[in-house]
Structures are given as structure tokens and as C-alpha cells.
Amino acid sequence: MHMYNILYLLYSSGAKSKLVAATQKQIQEALAQDGDKMCDRTIYNNIRKLDKLGYIAEGLLHGNAKSYYITADGIAWMKETETEVSG
């Protein structure tokens, strides 16, 4: 569920390219605003899993912080997951 929430956040915020990407801190703050509070480590571990699966990729640096955006594979997985849940 955490991986889906991170992907959905990136998708809905328009983080779909190297130029438009979100840092881990931005992801954590946005999820907390939506009522899904996760610690730094949980977000970090889920970002690593998503990156390894090819669902997200690294964008340009924001200062010293890495940023991430959702890939086409990530969008496809997210939509497939939504279909399974509603279908």
C-alpha cells in the first residue's frame, strides 16, 4: 500500500519527468498532509523498491537532495492495481 501511495502522489502531482520530480522530503510532507504519515526510513525503503522495479526513476537534484518521478511502467502498474481493486 505504501508503494501505491507514493506512486499515486508522484502521478497526481505531475512528477512525470526528470525536470518535474519530488524529493523524499516533499513526498513525506505530501503524504502526511493526506493523512498517511510514514517515517523517513519507510519512505526511503519503498523508494528503493520502486526504483529497483523500474516504477520510479531519479530526476534532477534539488540542491543536494535526489528527486524522483514516476515512469511509464509505474503508471501502468498503478492503473493495473486500481483495476484489480475495483474489478
Side-chain angles (χ1 to χ4, degrees):
M1 191 65 185
H2 291 312
M3 291 194 310
Y4 175 82
N5 289 343
I6 292 170
L7 285 178
Y8 182 77
L9 174 74
L10 292 173
Y11 180 77
S12 63
S13 66
K16 300 176 186 173
S17 71
K18 285 188 177 207
L19 289 173
V20 183
T23 64
Q24 180 177 332
K25 184 175 182 178
Q26 290 170 328
I27 292 168
Q28 185 174 16
E29 290 171 354
L31 288 171
Q33 283 181 342
D34 291 341
D36 189 11
K37 293 188 180 190
M38 289 187 241
C39 69
D40 293 341
R41 195 69 179 162
T42 302
I43 292 175
Y44 174 77
N45 287 338
N46 280 284
I47 285 173
R48 286 187 56 204
K49 287 179 195 172
L50 289 165
D51 187 30
K52 200 171 198 176
L53 292 167
Y55 296 161
I56 65 172
E58 283 189 25
L60 299 176
L61 289 176
H62 286 254
N64 289 335
K66 292 179 181 178
S67 65
Y68 305 93
Y69 65 95
I70 189 168
T71 63
D73 288 343
I75 293 170
W77 180 81
M78 191 180 70
K79 290 185 177 183
E80 179 183 313
T81 303
E82 288 174 348
T83 304
E84 289 174 6
V85 170
S86 61

How far apart are the closest heavy atoms of [X] and [Y], and which atoms are they?
| X | Y | answer |
| --- | --- | --- |
| M38 | Q28 | O-NE2, 2.9 Å |
| N64 | L61 | O-CD2, 4.4 Å |
| T71 | I56 | CG2-C, 3.7 Å |
| A22 | L10 | CB-CD2, 3.9 Å |

Would a single hydrophobic cluster contain both [Y] and [X], if residues Ile, Leu, Val, Met, Phe, Trp and Tyr are joined by side-chain heavy-atom contacts under 4.5 Å?
| X | Y | value |
| --- | --- | --- |
| I27 | L53 | yes |
| L50 | M78 | yes |
| L7 | Y68 | yes |

Pairs where residues 3-20 contributes a residue and the test side-chain hydrogen bond (donor to acceptor under 3.5 Å, both in side chains) is met, not counting sequence neighbours: Y4-E82, N5-D36
Point-to-point distance, once rounded to the nearest 0.5 Å, from CG of N46 to CE of M1: 12.0 Å
Nearest-0.5 Å distance that lies between atom CD in Q24 and atom CD1 in I47: 4.5 Å
Contacts of type side-chain contact (heavy atoms from CB on, under 4.5 Å), residue A30, not counting sequence neighbours: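 Partners of A30 by the side-chain contact (heavy atoms from CB on, under 4.5 Å) criterion, ordered by chain and then number, come out as L9.
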Residues which pass side-chain contact (heavy atoms from CB on, under 4.5 Å) with S67, listed by chain and number, not counting sequence neighbours: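 Only A21, T23, H62 meet the side-chain contact (heavy atoms from CB on, under 4.5 Å) criterion with S67.
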With sequence neighbours excluded, residues passing ring-ring contact (aromatic ring centres under 6.0 Å, His included) with Y55: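 Per chain and number, Y55 pairs via ring-ring contact (aromatic ring centres under 6.0 Å, His included) with W77.
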Pairs involving residues 40-64, ordered by first then second residue, that meet salt bridge (charged side-chain N to carboxylate O under 4.0 Å, His left out) (sequence neighbours left out): E58-K66
Summary of ring pair (Phe, Tyr, Trp, His ring centres under 6.0 Å) pairs that have at least one residue in residues 19-42, sequence neighbours excluded: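 Counting only pairs at least two positions apart or across chains, no ring pair (Phe, Tyr, Trp, His ring centres under 6.0 Å) contact touches residues 19-42.
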